[in-house]
Amino acid sequence: MNTDGKAIKLAPSILTADFGRLAEAIRAADEGGADYIHLDVMDGMFVPNITFGPVLVKTVRAVTRLPLDVHLMVEAPERYLEVFAEAGADILTVHVEATKHLHRTLQQITALGCKAGIALNPSTAIEAAREVLPFVDQVLIMTVNPGFGAQQFIETMTGKVRRMRRLMDELCPLADLEVDGGIHPHNVLDVIYAGANVIVAGSAVFNEKGSVAANLDTLRERMLMDA
Ligand code: DX5
Ligand code: ZN
């Protein structure tokens with residue numbers, strides 16, 4: 001539980017996993033107690049990197065029953081909502097910076113039967129989300145600039161998480177607050193104390209240093225230190 005009594009969820013991002021053995025990596029995360037699988041879709045336009053599309057989401061869907069948390073780092077994501085929903089996404093998160101008619105986009109996600117998420121880049125003010133908060137199931141605060149795994153956590157984002165949770169308590173108290181980028185055992189508790197309850201972790205889970213199960217255990221041990 002975090003400070004508002006919300007269950008804390010761990011959402012491993014597969015970005016730094018070995019894609020040659022992806023099914024194994026997903027199974028290891030599932031058996032290791034992950035709550036979601038976080039899938040980073042990048043289009044080479046919204047962010048300076050290209051990853052994968054609905055075909056891979058469908059492949060992951062066939063390997064696990066965990067909810068698929070699909071983070072669309074894509075310009076005009078409204079063009080692709082339906083294909084990602086069909087591929088098996090459970091949560092579809094769009095960037096507030098990437099779509100002109102955000103409210104409509106969120107309605108489209110909900111109509112597809114998915115949970116609707118919005119993501120904010122580090123430089124985007126929390127106010128940019130205010131008018132749509134009553135329509136979201138999840139808010140994602142980027143704690144690095146999107147585009148790559150294994151970047152350094154931007155320290156000023158902890159205060160942003162705290163301010164966003166306060167605004168959400170007013171406008172969408174049931175919605176989850178997710179953090180993404182540079183989260184490791186040494187800082188996970190800080191973001192939880194600030195109000196985050198969905199924790200994305202890529203390189204802290206899929207790395208050369210330890211097994212997926214051991215890395216998830218280490219993160220969870222640190223998360224459970226709150227009481
Ligand atoms: C960055 C992605 C993240 C990334 C997190 O654009 O949205 O999900 O994979 O990776 P780490 O935890 O290594 O920063
Ligand atoms: Zn992500």
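Note that ligands are numbered from 1 as they come in the structure, with each ligand's atoms numbered from 1 the same way.
- Remark: side-chain polar atoms of Thr51 are paired, donor with acceptor, to backbone N or O of Met42 under 3.5 angstrom.
- Within the model, atoms CG of Asp69 and NZ of Lys9 stand 10.5 Å from one another, a figure rounded to the nearest 0.5 Å.
- The backbone N or O of Ile26 lies less than 3.5 Å from no partner atom in the side chain of Asp30, so there is not a single donor-acceptor pair.
- In this structure, atom 12 (O) of ligand 1 lies nearest to the protein heavy atom Gly202 N, 2.8 Å.
- Looking at His71, its N, O or S atom nearest to the Zn ion (ligand 2) turns out to be ND1.
- Here Ala201 has backbone heavy atoms under 4.0 Å from ligand 1, and that is the only part of it that gets that close.
- Heavy-atom contacts of Val200 reach the following atoms of ligand 1: 8 (O) (cutoff under 4.0 Å).
- Taking each of Gly147, Ala11, Ala204 in turn, the one with a heavy atom nearest to atom 6 (O) of ligand 1 proves to be Gly147.
- What sits closest to atom 14 (O) of ligand 1 on the protein, heavy atoms only, is Gly182 N, 2.8 Å.
- Residue-to-ligand polar distances keep Ile183 apart from ligand 1: every N/O pair is separated by 3.5 Å or more.
- Each of the atoms 7 (O) of ligand 1 lies under 4.0 Å from some heavy atom of His71.
- Taking a 4.5 Å side-chain heavy-atom cut-off between Ile, Leu, Val, Met, Phe, Trp and Tyr, the cluster of Leu140 extends to Met142, Val144.
- Given atom 5 (C) of ligand 1, the protein heavy atom at minimum distance is Asp180 OD1, 3.5 Å.
- Under a 3.5 Å cut-off, the side chain of Asn197 and the backbone N or O of Asp176 do not form any donor-acceptor pair.
- Using a 4.5 Å heavy-atom threshold, the side chains of Leu22 and Val63 count as separate.
- The N, O or S atom of Asp40 with the smallest distance to the Zn ion (ligand 2) is OD1.
- In terms of modelled atom types and a separation under 3.5 Å, the side chain of Asn121 and the main chain of Thr124 share no donor-acceptor contact.
- Here the straight-line distance linking atom NE2 of His184 with atom CD1 of Ile199 works out to 12.5 Å at 0.5 Å rounding.
- Under the 4.5 Å side-chain criterion, counting only non-hydrogen atoms from C-beta, Lys160 is in contact with Ile126.
- Distances from the Zn ion (ligand 2) to the N/O/S atoms of Asp180 are shortest for OD2.
- The main-chain N or O of Leu72 is never found under 3.5 Å from a side-chain atom of Asp40 such that the two would form a donor-acceptor pair.
- Judged purely by atom type and a 3.5 angstrom limit, Thr16 uses its side chain to pair as donor or acceptor with the backbone of Phe206.
- If you check which protein heavy atom lies closest to atom 2 (C) of ligand 1, you get Asp40 OD1, 3.4 Å.
- Each of the following atoms of ligand 1 lies closer than 4.0 Å to a heavy atom of Gly149: 10 (O), 13 (O).
- Near Gly181, meaning under 4.0 Å from any of its heavy atoms, are these atoms of ligand 1: 14 (O).
- At a 4.0 Å cut-off, not a single heavy atom of Phe153 sits close enough to ligand 1 to count as contact.
- Ligand 1 places these atoms under 4.0 Å from at least one heavy atom of Met42: 6 (O).
- With hydrogens and angles ignored, the 3.5 Å screen pairs a side-chain donor or acceptor of Arg79 with a backbone N or O of Glu75.
- Between Asn145 and ligand 1, a contact under 3.5 Å exists for no N or O pair.
- Residue contact check: Met73 has heavy atoms under 4.0 Å from atoms 6 (O), 7 (O) of ligand 1.
- Near Ser13, meaning under 4.0 Å from one of its heavy atoms, ligand 1 places the atoms 8 (O), 9 (O).
- Remark: the backbone N or O of Ile118 is not paired with any side-chain donor or acceptor of Thr93 at under 3.5 angstrom.
- Within the structure, the closest approach of Thr16 to ligand 1 does not fall below 4.0 Å when heavy atoms are considered.
- Heavy-atom contacts of Ser203 reach the following atoms of ligand 1: 11 (P), 12 (O), 13 (O) (cutoff under 4.0 Å).
- Remark: minimum distance from atom 1 (C) of ligand 1 to any protein heavy atom is reached at Phe148 O, 3.5 Å.
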